[in-house]
Amino acid sequence: MSRDALLKTYMDMVEDRTEGQSEFHQAVRHVAGDVITIEKAHKEYAAAKVLERLAEPDRVIGFRVVWQDDAGEVQVNRGWRVQYSNAIGPYKGGLRFHPTVSPSVLKFLGFEQVFKNALTGLPLGGGKGGSDFDPRGRSDREIMRFCQAFMRQLAPYIGPDRDVPAGDINVGSREIGWLFGAYKAHALEFTGALTGKGPSFGGSEIRTEATGYGLIYFLEAMLAEHGDDLEGKRIAISGKGNVATHAAEKAVAKGAKVITLSDTSGTLTAEDGLTQDTIDWVRARKAAGEDIAGAPHAEFAESASPWDQEVDIALPCATQNEMDASMARRLVDNGARIVAEGANMPLTSDAQQIIADAGLLHAPGKAANAGGVAVSGLEMSQNSHRRFASRQEVDDALKDIMRHIHAQVAEEGRQGNRVDYGRGANIAAFRKVADAITAMGAI
Ligand code: GLU
């Protein structure tokens, strides 16, 4: 059978079983498209039905989260943990609190996490969780009570050797502190069952910065592979959260010009590049739950997109499917040469096709944003050893891991003097997970 016929048969099976889960279908289709012929050509993988098994998470735990708001009114939210695969280590992946969270979104994120975590070279399986809870407009006490109620439901299913959640959108070190407090009260022991903790209770240095910094280290490796560097490069970044602001900070420190940051209210632009004080201001506004209009030393345009600027490099760091086909076309027309994903699956399938047809280098999130989970892996091993690594030690380890991910992906994806990063990442990660699944038999 041809690749297209194999992919169609496989995706028909996946879609029949999971009707309506469009984000999940999108993520599975991209990986399967790159690896299905490898699975079929490899006798052991084919006999073990690795791809068919990977179309189904190990389990999805769903629960009700009941809590009381400041007015004393009872609130009811939905929560989930997708324990996708522990083939190469304990389930590992973030928790997201956002109204768009659904089983489809968490399954796509859990699926991607399995492959991302494999690329880090650390013993980490993949999972993802969260809730449809919207922290916007909620007081600190309400968010704390929500975290406690959420953890009351989740705690029986996690643990340092079982499943180790961390943060994701709207779950930062403050929320991890509340979640960890509630976990510790439930478990009656102090274990590293969460990462992204505060430095005074087992958190690792650099964990907060790791996804954004790691993205820039990966980008440097991409540029070096193609005989170039960051100096003077014009970069558009979308988002204003942890990933976007830390990527911006590191890019500026390395001599690049960051032209934009954005949120749902609009885009901040500085023709000569945003300065560190503007990035700090954006970070403070995000922490206060405010939008980014009125930043110092930058223009704010409502409803403008970061992809309307003339830039060399685009770093989408907001959320899934944030860049559609028309935005991708504008980005290409504006002369961008590289897209590296800080967010998970930020391009629609059509946008991805446009970027590929235009010949841009395109690094997928599972490779480019793996720095966050990689430092989570380092936090887990610091907790197991009951020690703290220094900032320098962790930053050096993060750089090494990102260079190593780049090397593996480039090796699998090299085509002449260019690299197909999407294909390289999918194949390198798939081989690792498939080897583990195959070795453990039909279980
Ligand atoms: N949520 C992050 C990610 O998308 C980090 C997960 C973790 O540290 O476990 O990879």
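For the numbers below, each heavy atom of this structure counts, side chains included, while hydrogens, waters and symmetry mates do not. Ligands are counted one by one from 1 in listed order, and the atoms in each one are counted from 1 as well.
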Using distance alone, with no hydrogens and no angle criterion, decide if Glu249 and Tyr213 have a side-chain donor and acceptor under 3.5 Å apart.
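Result is yes, a qualifying pair exists.
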Which of the numbered atoms in ligand 1 are under 4.0 angstrom from any heavy atom belonging to Ala166?
7 (C), 8 (O), 9 (O)
Quick one: which ligand 1 atoms are inside 4.0 Å of a heavy atom on Gln113?
3 (C), 4 (O), 6 (C), 10 (O)
Identify, for atom 6 (C) of ligand 1, the protein heavy atom at the shortest distance, and state residue, atom and that distance.
Gly94 N, 3.6 Å
Does the side chain of Val394 reach to within under 4.5 Å of the side chain of Glu379, using non-hydrogen atoms?
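Contact flag for Val394/Glu379 side chains = no.
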Looking at atom 9 (O) of ligand 1, what's its closest protein heavy atom, distance included?
Lys92 NZ, 2.7 Å
Would you kindly say whether Thr18 and His25 are connected by a side-chain donor-acceptor distance under 3.5 Å?
yes
Measure centre to centre between the rings of Phe133 and Phe150, then say whether the value is under 6.0 Å.
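Here the rings of Phe150 and Phe133 have centres that are no less than 6.0 Å from each other.
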Does Arg96 approach ligand 1 within less than 4.0 angstrom via side chain, backbone, both or neither, non-hydrogen atoms only?
neither
Where does Asn344 meet ligand 1, judged by heavy-atom distances below 4.0 Å: at the side chain, the backbone, both, or neither?
side chain
Residue-level breakdown please: for Glu379 versus ligand 1, do any non-hydrogen atoms fall below 4.0 Å on the side chain, on the backbone, on both, or on neither?
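Neither part.
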As an exercise, identify every atom of ligand 1 less than 4.0 angstrom from a heavy atom of Ser376.
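The atoms of ligand 1 under 4.0 Å from a heavy atom of Ser376 are 7 (C), 8 (O), 9 (O).
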Does the ring centre of Phe190 sit less than 6.0 Å away from the ring centre of Phe180?
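They qualify: ring centres under 6.0 Å apart.
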Region of Lys128 that comes within reach of ligand 1 [heavy atoms, distance under 4.0 Å]:
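Answer for Lys128: side chain.
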Pair Thr275, Thr278: side-chain N/O donor-acceptor within cut-off below 3.5 Å:
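Note: Thr275 and Thr278 side chains meet the donor-acceptor criterion.
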Glu411 atom CD, neighbour heavy-atom count above 12 within 6.0 Å
no
Between Tyr421 and His406, what is the ring plane arrangement, given parallel below 30°, perpendicular above 60°, and tilted in between?
tilted
To check your reading of the model: name the closest protein heavy atom to atom 1 (N) of ligand 1, its residue, and the distance in Å.
Asp168 OD1, 2.8 Å
May I ask whether Gly167 has any heavy atom positioned less than 4.0 angstrom from an atom of ligand 1?
yes
Got the closest protein heavy atom to atom 5 (C) of ligand 1, with its distance?
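Checked against all protein heavy atoms, atom 5 (C) of ligand 1 sits closest to Arg207 NH2, 3.4 Å.
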